[in-house]
Amino acid sequence: MLFVQRPNRIGSCYILAAQDLGMEVIAATDGKTTEEEKAKIKQYLGEDGMVLSDTTPQALLKVLKQTKAIASGGRVRHRTLR
């Protein structure tokens, strides 16, 4: 499983690329996205996918603990977590 940070227009491509590699993308944050992009992200994630607005470390760690997912992000400050 993969948890993707900040999927904007470019980030949506990362979701699709991860899925093409056989990873299950279960959640993405909605920072810096339009309503149209949020709808596309939700479509890419599927019915059970989560689009998260709260991106505080505590909130993200809670989701990771609940889902037992691996976190991955596109910025240096979002290091991969296990």
Side-chain angles (χ1 to χ4, degrees):
M1 293 184 182
L2 181 71
F3 178 89
V4 181
Q5 293 274 346
R6 290 190 179 209
N8 51 23
R9 284 180 218 114
I10 296 169
S12 299
C13 296
Y14 291 125
I15 293 172
L16 295 174
Q19 290 172 337
D20 284 346
L21 292 171
M23 297 179 199
E24 180 184 2
V25 182
I26 59 160
T29 58
D30 67 357
K32 298 184 181 180
T33 57
T34 65
E35 291 302 318
E36 182 180 317
E37 291 166 340
K38 288 178 190 178
K40 284 183 184 178
I41 291 165
K42 183 64 177 164
Q43 180 183 355
Y44 296 153
L45 294 176
E47 194 173 299
D48 295 331
M50 297 180 280
V51 180
L52 308 171
S53 296
D54 187 356
T55 61
T56 61
Q58 297 83 2
L60 297 179
L61 288 172
K62 182 179 177 182
V63 172
L64 290 173
K65 191 179 279 189
Q66 290 173 346
T67 61
K68 295 184 171 57
I70 295 173
S72 180
R75 301 176 86 184
V76 174
R77 70 181 191 144
H78 297 123
R79 304 245 181 223
T80 300
L81 301 173
R82 289 183 189 205

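Since the model is a prediction, treat every value here as computed from it, not as a measurement.
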J.: Charged N to carboxylate O under 4.0 angstrom, Glu35 versus Lys38?
T.: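 Salt bridge flag = yes for Lys38 with Glu35.
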
J.: Side-chain contact, heavy-atom cut-off 4.5 Å: Asp48 with Ile26?
T.: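 Side chain of Asp48 against side chain of Ile26, heavy atoms only: no contact under 4.5 Å found.
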
J.: The criterion is salt bridge (Lys or Arg N to Asp or Glu O under 4.0 Å); which residues satisfy it with Lys62, sequence neighbours excluded?
T.: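 Checked Lys62 against salt bridge (Lys or Arg N to Asp or Glu O under 4.0 Å); zero matches.
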
J.: Could you tell me which non-hydrogen atom of Ala18 sits nearest to which non-hydrogen atom of Val25, and how far apart they are?
T.: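 Smallest interatomic distance, heavy atoms only, reads CB-CG2, 3.8 Å.
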
J.: Which heavy-atom pair separates Met50 from Thr67 by the least distance, and what is that distance?
T.: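 Nearest heavy atoms, Met50 then Thr67: CE-CG2, 3.7 Å.
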
J.: Take atom CD in Glu36; do more than 12 heavy atoms of anything else shown fall under 6.0 Å from it?
T.: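 12 or below, so no.
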
J.: Atom CD1 of Ile15 and atom CD1 of Ile41: how far apart are they, to the nearest 0.5 Å?
T.: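 Atom-to-atom, Ile15:CD1 and Ile41:CD1 are 5.0 Å apart.
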
J.: Not counting sequence neighbours, which residues clear side-chain contact (heavy atoms from CB on, under 4.5 Å) with Lys42? List them please.
T.: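 For Lys42, the residues satisfying side-chain contact (heavy atoms from CB on, under 4.5 Å) (neighbours in sequence not counted) are Val51.
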
J.: Could you tell me the separation between the CG atom of Leu60 and the CG atom of Asp54, rounded to the nearest 0.5 Å?
T.: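 Answer for the CG-CG pair, Leu60 versus Asp54, is 7.0 Å.
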
